[in-house]
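Worksheet: one structure, shown below.
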2 protein chains.
Amino acid sequence: MSTAATTPRGVPDASVARLPGYLRALTAMSQDGTASVSSEELASAAGVSSAMLRKDLSYLGSYGVRGVGYDVGRLASEIASALGLTKDWPVAIVGMGNLGRALAAYRGFAERGFRVIALLDHDDRVVGEEVAGRAVRPMTDLEVLVEDHGLAIGVIATPPEGAQAACDRLLAAGVRSVLNFAAVVLAVPPEVTVRNVDLSTELQILAFHGHRGDVAEAVAP
Amino acid sequence: MSTAATTPRGVPDASVARLPGYLRALTAMSQDGTASVSSEELASAAGVSSAMLRKDLSYLGSYGVRGVGYDVGRLASEIASALGLTKDWPVAIVGMGNLGRALAAYRGFAERGFRVIALLDHDDRVVGEEVAGRAVRPMTDLEVLVEDHGLAIGVIATPPEGAQAACDRLLAAGVRSVLNFAAVVLAVPPEVTVRNVDLSTELQILAFHGHRGDVAEAVAP
DNA sequence: ACGACTTTGTGAAGGCAGGCACAAAGTCGC
DNA sequence: GCGACTTTGTGCCTGCCTTCACAAAGTCGT
């Protein structure tokens with residue numbers, strides 16, 4: 001139809017990536033008892049410009065009142081709905097190493113409608129072990145989890161060597177959304193969404209900027 | 001003085017964010033004994049297009065040989081140098097909750113020249129406790145760590161409520177690069193670089209795509 | 001009831017990033 | 001030594017994302 005050819009109903013990816021930030025700010029305001037908010041206030045709480053916020057919201061519809069602002073509860077609900085957070089999202093964590101165990105113990109998932117329904121590991125010596133009050137299950141359980149429990153999101157917390165295999169198992173079972181903590185590029189068909197989180201990468205980017213700061217100082221003393 | 005006005009010597013931020021991926025692929029190739037690589041091969045290993053890879057590398061200089069490709073070792077070394085990875089980067093982790101402890105136990109830091117030199121917590125009940133073979137130190141140690149040990153990067157793994165305070169302490173001590181795991185927008189002066197890693201945000205973005213997939217299916221059966 | 005004021009929603013413009021395609025430059029076979 | 005071939009480096013072009021700026025639309029005071 002018109003612009004950003006990204007998602008069916010035309011919400012640009014860059015915009016989608018900011019929606020969770022808006023939702024977070026709105027939730028905090030709601031808990032503070034704030035009932036109404038202007039684009040300026042919400043934008044500053046979310047760390048973006050007000051023009052960008054308004055444009056992002058305009059992709060979802062017209063939920064503000066001119067001259068007044070946005071109803072906090074209403075807007076939060078609209079954003080949650082746009083993100084698909086009206087239902088619970090079952091999540092499975094694959095790989096019970098250091099990181100996997102930390103993720104399993106992390107309580108931040110449930111807060112926003114993500115329910116960890118299973119912890120899995122490829123290694124028979126780990127399967128059966130109890131982690132965060134739950135028994136670790138074998139990879140062969142994946143099919144059942146997808147079909148009987150609607151598992152939709154897989155979190156990969158394996159070592160790099162095992163990540164592609166873990167991913168393949170997830171996809172074979174029918175999972176189409178993957179959050180990957182392993183430092184590898186996963187090969188997946190185009191209908192699958194992968195998001196990567198990598199500490200080393202983030203630190204290296206920080207190193208670049210810290211380094212550049214040093215150079216700038218040295219050049220202009 | 002031509003295009004992307006991002007960093008002094010003009011490497012666009014988008015390009016910098018991909019360099020760690022190239023470095024990773026090159027390191028893996030080097031360990032496999034591969035001596036030379038074409039832009040096509042390296043690009044596919046890093047999950048980008050070959051044109052983009054070549055453009056990214058061109059910001060750093062001309063390190064390839066036409067008709068042949070790139071020397072793996074040489075290119076890795078040039079990228080590492082551009083990222084500022086020639087020296088060790090001392091890192092401190094603030095906040096010894098679940099996530100902080102997992103990060104403290106994570107061995108991936110040292111691999112690429114990042115050295116965790118201290119674990120800190122704001123809570124007196126946690127200070128002194130041993131985590132990953134190291135005593136947790138109080139926030140008041142920050143100044144000494146910066147001045148005597150060259151601490152440059154702070155990792156914030158506190159709960160959201162304490163993140164801004166932790167950040168302020170880091171900045172006051174002289175740290176100018178922050179990796180933030182807390183789900184809040186940190187207020188910092190412009191010379192400070194902050195990178196945010198947030199699980200909830202990533203999962204919500206995945207939820208959007210999974211959700212959208214459902215809708216597309218329902219619309220066109 | 002009307003006018004001044006506030007704030008949203010959006011058309012238009014500018015800038016940056018990604019992809020294409022080709023000239024430049026080097027290697028290899030004969 | 002020369003021609004055919006391979007692969008890099010890069011100018012240009014296209015399209016998306018962001019910012020600007022303003023009209024539309026609603027509120028509030030009088």
Side-chain angles (χ1 to χ4, degrees), chain A residues 1-19 21-22 26 29 34-72 74-76 78-79 82 190 205, chain B residues 1-19 21-22 25-26 29 34-72 74-76 78-79 82 205:
Chain A
M1 317 240 158
S2 51
T3 47
T6 41
T7 32
R9 227 214 252 60
V11 185
D13 284 347
S15 188
V16 171
R18 283 185 294 266
L19 293 181
Y22 304 153
L26 286 167
M29 285 171 181
T34 312
S36 177
V37 67
S38 73
S39 64
E40 199 72 50
E41 290 167 334
L42 180 54
S44 105
V48 301
S49 77
S50 67
M52 197 151 102
L53 169 69
R54 288 199 302 273
K55 177 139 287 199
D56 284 344
L57 295 184
S58 79
Y59 292 121
L60 307 183
S62 275
Y63 302 122
V65 179
R66 299 180 190 222
V68 177
Y70 302 88
D71 179 273
V72 171
R74 170 84 193 289
L75 187 55
E78 292 293 348
I79 292 178
I205 295 170
Chain B
M1 347 274 103
S2 48
T3 47
T6 41
T7 31
R9 235 233 231 62
V11 184
D13 284 348
S15 189
V16 171
R18 284 186 294 267
L19 293 180
Y22 303 152
L26 287 167
M29 286 173 181
T34 312
S36 177
V37 68
S38 72
S39 64
E40 200 73 49
E41 291 166 334
L42 180 53
S44 106
V48 301
S49 77
S50 67
M52 197 153 99
L53 169 69
R54 290 199 301 275
K55 179 148 290 195
D56 283 344
L57 295 184
S58 80
Y59 292 122
L60 307 182
S62 275
Y63 303 122
V65 180
R66 299 179 190 224
V68 177
Y70 302 88
D71 179 272
V72 171
R74 170 84 193 289
L75 186 56
E78 292 293 350
I79 293 179
I205 295 170

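- Atom-to-atom distance recorded for B/Arg54:CZ and B/Tyr70:OH is 7.0 Å, nearest 0.5 angstrom.
- Going from atom CD of A/Glu78 over to atom P of C/dG9 covers 12 Å, rounded to whole Å.
- The nearest heavy atom of DNA chain D to A/Arg18 and to B/Glu40 marks one nucleotide each, and the one closer to the 5' end goes with B/Glu40.
- Atom CZ of residue A/Arg18 and atom NZ of residue A/Lys55 lie 11.5 Å apart, to the nearest 0.5 angstrom.
- Atom CG of A/Leu60 and atom P of C/dG9 are 11 Å apart (whole Å).
- Residue A/Arg54 has its side chain nearest to C/dT8 when only C/dT8, D/dT27, D/dT8 are considered.
- Using a 4.0 Å cut-off, some side-chain N or O of B/Ser62 falls inside it from OP1 or OP2 of D/dG9.
- The nucleotide whose nearest atom lies closest to any side-chain atom of B/Pro12 is, among D/dA25, C/dT10, C/dA17, C/dA17.
- At a cut-off of 3.5 angstrom, counting only N and O atoms as typed in the model, there is a donor on one side and an acceptor on the other between the side-chain of B/Lys55 and the base of C/dG19.
- Side chain B/Arg66 to base D/dT8: a donor-acceptor pair is found below 3.5 Å.
- Between A/Asp71 atom CG and C/dT8 atom P the separation is 13 Å, expressed in whole Å.
- Distance CG (A/Asp13) to C1' (D/dC16): 11 Å, rounded to an integer number of Å.
- For residues 42-53 of chain A, proximity to DNA chain C is found at no residue, defined as any non-hydrogen atom under 4.0 angstrom from a strand atom.
- Put simply, OG on B/Ser15 and CG on B/Leu57 are 8.0 Å apart, with the number rounded to the nearest 0.5 Å.
- Residue B/Ser39 places at least one side-chain N or O under 4.0 Å from the OP1 or OP2 atom of D/dT8.
- Nearest to the side-chain atoms of A/Tyr70 among the listed nucleotides C/dT8, C/dT27, C/dA25 stands C/dT8.
- For the residue pair A/Val72 and A/Ser36, the shortest heavy atom distance occurs at CG2-N, 3.8 Å.
- Rounded to the nearest 0.5 angstrom, B/Leu53 CG and B/Leu19 CG are separated by 9.5 Å.
- Here C/dG18 is the nucleotide among D/dA24, C/dA25, C/dG18 with the atom lying nearest to any side-chain atom of B/Ala14.
- If you measure from atom CG of A/Asp56 to atom C1' of D/dT18, you get 10 Å, rounded to the nearest angstrom.
- Annotation: the span from B/Asp56 atom CG to B/Ile79 atom CD1 amounts to 9.0 Å, rounded to 0.5 Å.
- Atom CG in B/Leu42 sits 5.0 Å away from atom CG in B/Leu26 (nearest 0.5 Å).
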